[in-house]
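This structure is a prediction, so every number in the text was calculated from the model and none was measured.
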Amino acid sequence: MSGIFDSFEKKHDFLICVDSDGCAMDTMDIKHFRCFGPCMIEVWDLSSHEEALLARWNEINLYTMTRGINRFKGLAIALKEAQDTYADVQIEDLDTFLHWAETTKELSNRAIEAVLAEKESKSLQMALEWSNRVNAAIQKLPEEENLPFEGAAAGLAAAHAAADVAIVSSANAGAVKEEWTRHGLIGHTDIMLAQDAGTKAYCIGRLLEKGYEKNHVLMIGDAPGDQKAAEENGVHYYPILVKKEKNSWERFLSEGLEKFLSGTYAGSYEEERIREFRKNLSR
């Protein structure tokens, strides 16, 4: 995927990176409620504990400090907990999948396919089946229920008037492109970096190679992984708070963006935003 970075040209002194699901797009809850969790129940035949396992899936992926975790990392946590919790749940070859999720350099369908081309693994085959089912289920979600958060379009438009804007997401590239295009958000961006481009930290690092000063780069996200990606690169972080997304975007437009562009974002303002963010996910 190096070509996508090679073709990107820096136009402004400032760069704003924006996550997609759960940050700009109100698609995270519906995808987990209707696709990720239910597909796990189906593939591993876990219906006898469906209610508890779906509730735990949502805690892991939506409402705690692991919010926004890669799908395969979240699956590894959920499956191990299910096997450890319920005596009647025994997942064949689970250790192989857990080891892969912990050690692989790329958490994607493509990476699993590469391993399966070399060796057989029941757990990796099922994880791939699950991921493909999830992607298919997401494509079938009603378009009218996949909407941007109120305030996101205005915030992105204002950001793009003064800065280069990059989508930096761990979601499926096809879904991100379709959603942002359908709702007219893609025109407020300069580059789209999704799951197949590399980790968020890697993507931000590659963009920094274009010559941005680190204090001129901001990551907008809704999950601890977004904050970590920003911190690993020494750039700023602005959080979109879960269940307070509209207010978060309105605050970005009314004060956060101006502080970032004027060089007054760092310090007490950024620290307060991050305190609010972490408190919001503490359960």
Item to check | Nearest atoms (heavy-atom pairs only) where S131 meets N109 | outcome: OG-OD1, 2.5 Å
Checklist entry - Nearest 0.5 Å, what's the CE-CG distance between M126 and L124? => result 11.5 Å
Checklist entry - Among all residues two or more places apart in sequence or in another chain, which pass the side chain to side chain donor-acceptor pair (under 3.5 Å) test with Q125? => result none
Checklist entry - Can you check whether I274's main-chain N or O pairs, donor with acceptor, with Y237's side chain at less than 3.5 Å? => result no
Next on the checklist: So that I can tick it off, tell me whether R182 and E144 are bridged by a salt bridge, with the cut-off set at under 4.0 angstrom between side-chain N and carboxylate O.
Outcome noted: no
Checklist outcome for this item: CG of N280 to CZ of R275, rounded to nearest 0.5 Å, is 14.5 Å
Next on the checklist: Is any side-chain heavy atom of R273 closer than 4.5 Å to one of R251?
Outcome noted: yes
Checklist outcome for this item: Sequence neighbours excluded, the answer for salt bridge (Lys or Arg N to Asp or Glu O under 4.0 Å) partners of K10 is D13
Checklist entry - Where is the tightest heavy-atom contact between K31 and A175, given as atom of each residue plus distance? => result NZ-CB, 4.5 Å
Checklist entry - Step by step, would you call Y63 with D29 a side-chain contact (heavy atoms from CB on, under 4.5 Å)? => result CA-CA 10 Å; Y63 303 130; D29 282 5; 3.9 Å; yes
Next on the checklist: Could you go through C23 and D226, starting from their C-alpha distance and side-chain angles, then the distance that decides it, and tell me whether this counts as side-chain contact (heavy atoms from CB on, under 4.5 Å)?
Outcome noted: CA-CA 10 Å; C23 178; D226 300 319; 5.7 Å; no
Checklist entry - With side chains defined as the heavy atoms from C-beta onward, is the minimum distance between C17 and L207 less than 4.5 Å? => result yes
Checklist entry - Should F33 and V242 be counted in the same cluster of Ile, Leu, Val, Met, Phe, Trp and Tyr side chains packed under 4.5 Å apart? => result yes
Next on the checklist: To the nearest 0.5 Å, what is the distance between CG on N146 and CG on L141?
Outcome noted: 5.5 Å
Next on the checklist: Using only atom types and a distance under 3.5 Å, with no angle test, would you say the side chain of S248 pairs donor to acceptor with the backbone of L241?
Outcome noted: yes
Checklist entry - Roughly how far, to the nearest 0.5 Å, is the CD1 atom of I30 from the SG atom of C35? => result 7.0 Å
Checklist entry - Going hydrophobic residue to hydrophobic residue with side-chain gaps under 4.5 angstrom, can you get from I4 over to I204? => result yes
Checklist entry - Counting heavy atoms not belonging to E102, are there more than 12 under 6.0 Å from its CD? => result no
Next on the checklist: A side-chain contact here means heavy atoms from C-beta on lying under 4.5 Å apart; do E9 and K210 qualify?
Outcome noted: no
Checklist entry - At what distance, to the nearest 0.5 angstrom, does CG of L147 lie from CD of E179? => result 10.0 Å
Next on the checklist: I need the full list of salt bridge (charged side-chain N to carboxylate O under 4.0 Å, His left out) pairs touching residues 155-168, with sequence neighbours left out, sorted by first then second residue.
Outcome noted: none
Next on the checklist: I'd like to know if the side chain of N135 pairs up with that of R71 as donor and acceptor (distance under 3.5 Å, no hydrogens or angles considered).
Outcome noted: yes
Item to check | Q195 and S169: CA distance, side-chain angles, deciding distance, side-chain contact (heavy atoms from CB on, under 4.5 Å) verdict | outcome: CA-CA 6 Å; Q195 184 184 82; S169 169; over 6 Å; no
Checklist entry - Closest heavy-atom contact between D19 and M219? => result N-CE, 3.9 Å
Item to check | Minimum heavy-atom distance between I60 and T66, given as atom pair plus value | outcome: O-OG1, 2.6 Å
Next on the checklist: With clusters defined by side-chain heavy atoms of hydrophobic residues (ILVMFWY) lying less than 4.5 Å apart, directly or transitively, does W100 cluster with L98?
Outcome noted: yes
Checklist entry - Apart from L156 itself, what residues make up its hydrophobic cluster when side-chain heavy atoms of I, L, V, M, F, W and Y under 4.5 Å apart count as a link, directly or indirectly? => result F14, I16, V18, M25, F149, V165, I167, V176, W180, L185, I186, M192, L218, I220, Y238, I240, W249, F252, L257, F260, L261, Y265, Y269
Item to check | Value rounded to 0.5 Å, distance of OG1 in T96 from CD in E120 | outcome: 12.0 Å
Checklist entry - Is the closest side-chain heavy-atom distance between H216 and L15 below 4.5 Å? => result no
Item to check | Donor-acceptor under 3.5 Å (N247 side chain, K244 main chain) | outcome: no
Checklist entry - Who passes salt bridge (Lys or Arg N to Asp or Glu O under 4.0 Å) against E118, sequence neighbours left out? => result none
Item to check | Cationic N near anionic O, under 4.0 Å, R110 to D196 | outcome: no
Item to check | Side-chain H-bond candidate by donor/acceptor type, T104 with E106, under 3.5 Å | outcome: no
Checklist entry - Mind checking what makes side chain to side chain donor-acceptor pair (under 3.5 Å) contact with D190, not counting sequence neighbours? => result H160
Check residues 72-80 and write down every donor-acceptor pair under 3.5 Å in which the side-chain atom is one partner and the other belongs to a residue at least two apart or another chain.
unit_1: K73; atom_1: NZ; unit_2: A101; atom_2: O; d: 3.2
unit_1: K80; atom_1: NZ; unit_2: D84; atom_2: OD2; d: 2.8

Checklist entry - Are the side chain of S262 and the backbone N or O of E258 linked by a donor-acceptor pair below 3.5 Å? => result yes
Item to check | Hydrophobic cluster identity match, L107 and L128, side-chain contacts under 4.5 Å | outcome: yes
Next on the checklist: Using a 3.5 Å distance criterion without hydrogens, assess whether the side chain of S123 forms a donor-acceptor pair with backbone atoms of F97.
Outcome noted: yes
Item to check | K228: salt bridge (Lys or Arg N to Asp or Glu O under 4.0 Å) partners, not counting sequence neighbours | outcome: E232
Checklist entry - Who pairs with E59 by salt bridge (Lys or Arg N to Asp or Glu O under 4.0 Å), at least two apart in sequence or on another chain? => result R56
Checklist entry - Short question: side chain of D21, backbone of D26 - any donor-acceptor pair under 3.5 Å? => result no
Checklist entry - Side-chain heavy atoms under 4.5 angstrom apart, residues restricted to Ile, Leu, Val, Met, Phe, Trp, Tyr: same cluster for V134 and L62? => result no
Checklist entry - Does any N or O in the side chain of S108 come within less than 3.5 Å of the main-chain N or O of A111, such that one atom is a donor and the other an acceptor? => result yes
Item to check | Which residues share a side chain to side chain donor-acceptor pair (under 3.5 Å) with H32, sequence neighbours left out | outcome: W57
Checklist entry - Does K279 pair with E276 as a salt bridge, N-O distance under 4.0 Å? => result no
Item to check | E255 atom CD, over 12 foreign heavy atoms within 6.0 Å | outcome: yes
Checklist entry - So, R67 side chain and D222 main chain: donor-acceptor pair closer than 3.5 Å or not? => result yes
Item to check | Where A163 and H12 come nearest, the two heavy atoms and their spacing | outcome: C-ND1, 3.6 Å
Checklist entry - Going through the distances and angles, do V235 and Y212 end up as a side-chain contact (heavy atoms from CB on, under 4.5 Å)? => result CA-CA 10 Å; V235 305; Y212 301 100; over 6 Å; no
Checklist entry - Do the side chain of T181 and the main chain of E178 share a donor and acceptor less than 3.5 angstrom apart? => result no
Checklist entry - For E145, what residues pass the side chain to side chain donor-acceptor pair (under 3.5 Å) criterion, not counting sequence neighbours? => result R34
Checklist entry - L281 and P224: which non-hydrogen atoms are nearest, and at how many Å? => result CD1-CD, 3.7 Å
Checklist entry - Can you check whether E270's main-chain N or O pairs, donor with acceptor, with E272's side chain at less than 3.5 Å? => result no
With a cut-off of 3.5 Å and sequence neighbours excluded, list every side-chain donor-acceptor pair involving residues 36-52.
unit_1: E42; atom_1: OE1; unit_2: R133; atom_2: NH1; d: 3.2
unit_1: H49; atom_1: NE2; unit_2: D88; atom_2: OD1; d: 2.8
unit_1: H49; atom_1: NE2; unit_2: D88; atom_2: OD2; d: 3.1

